[in-house]
Amino acid sequence: MRSKLLLISLTLLFFSCTKSIDEFLKEQFYEPANLSTTITVDGDIAAPLLNTSLGVKNFITSFKDSTAWLEVDNEQLLHLKIKFDSIVQLTAQEIFKNCPIPPVVNPDSFSIKTDTQKIFLYEKALGGNVTFNDPKLILNVKNKIPLVTFFKVDSVYFRSEAYDQTYSGEVKKFYIEKPNDPNQTAYTQIIIDKNALPIISQLLSPVPYKFFIKATTGSDAVQTYNPALFPDICSRTLIADLILDLPFNLTIKDFIMSDTLPFSLGIKKEDLKFIDSVKLKIFIENELPVGLLINSYLADTTPNGYVNQSVFNIFSNWSLNPATVNTSGVSISTVRSSYIRTLTVNEVKQLIDKNPSRIVLSAKMNTTNSINMQQVKILGTNKLKVKIGIKISYNANTSQF
Amino acid sequence: MKTKSFFLIIISIIFSLQNLLSQNFTYYFNQRIFASNELNPARQHQCRFSFGLPIISNFYFQIRNNSISYSDLFTPMQNNQDSFYFNLDNIYQKMPEISYFPVQQYASLGFLALWIKNVYVYFSSSLFTDINIAIPRSIFTIKDGLYFENGNYFSFNNFSVKTYLYLKNSFGFSTQIYEGLTLGFRVNRLLGLAYAQTKLGFDLKISSATEDIYDLKIENLKYELQYSGPLKLKPTFDQNNIISGIDITTPQINEFDQFLNSPNYENYSALMKKIKSFYSSGWSIDIGAIYKLNDKFEFSAALLNLGYINWNTHPLKITKQNGSFTFSGFDPGKYLGDSTIFAIFKGNINLQDSIKSELLDTLLTLVNPIIDSTTFKSSLNTNLILGFGYKPIERITLGILYRGIFFDKRLYSSFSLSSTIEIFRTWSLMFSYNFFKNSYNNFGFGFSTRIWPTQVYFIMDNMSFPMLASRYFTAPNKPPDQGIATKWVKNTNYFNIQFGINFIFGCKKKKPDFGLID
């Protein structure tokens, strides 16, 4: 009886309640519905980004109309070789200034010059000297003209923004092969080193952005040919490729490079909403006996696209110190340079407002002990060890998501 | 009479709405309930014969944590008390070093109890499920970042998730060996059905040395995955012998179809053998003693779950100890060869795949564990129970109970004060106050009643939810900050429930005894 009464009472009570359970629970447990901000967190995270070793070969870019590459010789010394194809490309008619060419040619010399627009080196050099110990101009001559037998460098012209120099002097006459057969191309390699051209060590001091060569070709003796065998004599060619062999046994003194590149920050203010500051650490251990003094800044531009003014300093006379060398100029110990920079989010936001569109880089390069003109050797084994780490201080509120 | 009935109805309604939470201390001294025998094998039911059906005879569920409650999660704003926020610092301060979140459940699959002369004998079978998650407090320090200038570091240790499922078949007996002293003994055959445990710990250090670039170190890496169960897990390896995945094979029971098609002894044996391969075996014993000094005083003690399971069903243990790893930044130089760094920017060289592959190889080497497929043992959580009962008058029993549980190599203690009151002839009410570390608001209640031929009981150690239910029915519009019900629920971190319907016979003979007599 009591049990039945209990059951009936339960049922009556259950159905008599006018408020739903869900509504009741929401009223009693109102905190989740009244959360104004959820979670605020602030702190730091940090991580290493880069820890790598790079050699010189990882920095050499290609040159205009040329191919550049690095070689390591038996002594591990690095050589920068730059090839310029067809700096001389002349027909017999252009050499002899005449067509048809008689079958018997008296000994004579004919002036030629290399293509003035081909041999570009580095157009961003603003000054400074690079003195190589034993550079070489290697000419690979491909001769199809049976009438020319020598090649002589008369003068070398160097052009740059800083200067316009000419070096001339007696250069050894090089004798070249000639073809005996119309199908034959006679190859001759001419190496112009400091024995042939004593001033060659100073040719790149200061570094020019381009140069060309005035030369003479011809023959010292009477030359004959069979017109029936060489009916196309006028169009036969003399071609010379140039390889500039620059061994990195050198002195670099106050070599200044400068460049301006397009730049875009690539971030918006909204990307920074959780960030308080960013700290960047760069450590470089330099095994190369070459140091840099770097200046760099971000700039805006005028409506015409010209660099206007600096809006943010990146590097201000920052030194990448060269390695220590022995008396032979070989690196014996690394030298560490560091760059530590903290940027607050406000600084970055101000920078975004200034809309930088160019990055200006300028660097002055010196080898170790360049003040005393000591020559150093850059070996293939020398490395630049670069380490970069980043720390981000954040302050985030989940209502910002 | 009407007032009494109405009062009963209300209380019944209130407490019948308990659908979660309670602890099983409340009925320890109530030998009317067969389940009290679970806590002390010397506890004897007065009825001559009783049995229980699967599930309905005894169902128990418990969930709790030793950490925080609902109200700890929400902190009122200083300027506006009606608005709240997650105060992680506050939550962190309130949490212990390790927060445990155990969930336990067991269901009776039936029991049979009877008196044979002076010996109380019983057989029972139950299915146990145990899940426990342990979370170190240090996980909250992530809110402060992972980098610290003062040499501190992020330490994540003692994280674990453990779950197991087993069947417990028991045979027990108890008898009075001399005046006042009753001893009980129970032997349990355990059939382990599934076991899985995973553990993880490591220290993450980011160098704050001025001359470093925030080198990242993982030290003291340790993890463990332990499993035994009907599924077969088999690690797979790549060409470098580094673990690359786990194959899972589900069991096939072709023997069942074979037996159905041809029910002979051979097929039957094969089927039994197959079934046996699905569980692991173990044993445990329970010992209990009750000493009644006189009609008023009782001392009791019990040692429960002294045993283990030998997990041999597809056992697998994957462990790694003292792993370490240092990351100092990416090294594109070793992938460049003779190429320039500008080739990366131009897209001529794709470093992403190389770096991903290297990172993956490093991580796999770091985590490359020891694989072990040998049988392993797991111990049950042994319980020690000490009780003292006092009966000032015939219908009232007061008790003090201590319970110590050995868990994860530590002893966790709890205490309980209880009282059992007989009202009418067939009803008993039980009240308790249970407390342990970080949880002091557990007021329990239970009742049992006899509706022939059954006995029904309902118990929980924390009445907060029924109190909330009573508010729903009696004062649904009352503001939440008034009264105790809502506040109580918000400050509770410990809930359980136990109920059952048993069939009992031969209880009419009145016999002076401790507890309540039908």
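Chain A is the first sequence line, chain B the second, and so forth, proteins listed ahead of strands; every chain is numbered from 1.
With a 4.5 angstrom heavy-atom cutoff, A/Ile388 touches chain B only via backbone atoms. For a residue to count as touching a neighbouring chain, one of its non-hydrogen atoms must lie under 4.5 Å from one of that chain's; by this rule A/Tyr394 touches chain B with the side chain only. Proximity to chain B is absent for every atom of A/Ile392, based on heavy atoms less than 4.5 angstrom apart. With a 4.5 Å cut-off on non-hydrogen atoms, B/Ile206 touches chain A through its side chain but not through its backbone. Proximity to chain A is absent for every atom of B/Phe148, based on heavy atoms less than 4.5 angstrom apart. The part of B/Ile142 that comes within reach of chain A is its backbone (N, CA, C, O), which places non-hydrogen atoms under 4.5 angstrom from that chain. Interface residue B/Phe330: backbone and side-chain heavy atoms are both found under 4.5 Å from chain A. Of the two parts of B/Glu149, only the side chain, counted from C-beta on, holds a non-hydrogen atom closer than 4.5 Å to a non-hydrogen atom of chain A. With a 4.5 angstrom heavy-atom cutoff, A/Leu49 touches chain B only via backbone atoms.
Shown here is A/Glu75, whose CD atom has no more than 12 heavy atoms of other residues, nucleotides or ligands within 6.0 Å.
Using modelled atom types and a 3.5 Å distance limit, the side chains of B/Tyr70 and A/Glu31 yield a donor-acceptor pair. A/Thr52 and B/Asp331 share a donor-acceptor pair across their side chains, judged by distance under 3.5 Å alone. For the 3.5 Å distance criterion, the side chains of B/Asn491 and B/Ser71 qualify, holding a donor opposite an acceptor. A donor-acceptor contact closer than 3.5 angstrom is absent between the side chains of B/Asn493 and B/Ser69.
Heavy-atom pairs under 4.5 Å with chain B peak, among A/Ile282, A/Asn34, A/Val386, at A/Asn34. Between chain B and the residues A/Ile390, A/Ile340, A/Leu25, the largest count of heavy-atom pairs under 4.5 Å involves A/Ile390. Chain A forms more heavy-atom pairs under 4.5 Å with one residue of B/Thr449, B/Leu73, B/Thr486, B/Leu216 than with any other, namely B/Thr486.
Under the 4.0 Å criterion applied to side-chain N and carboxylate O atoms, A/Glu285 and A/Lys383 are not assigned as salt-bridge partners.
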Does the pair B/Asp203 and B/Ser155 meet the rule for a side chain to side chain donor-acceptor pair (under 3.5 Å), with working shown?
-> CA-CA 4 Å; B/Asp203 295 329; B/Ser155 181; 2.7 Å; yes
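Aromatic pair B/Phe445/B/Phe458: ring centres not closer than 6.0 Å.
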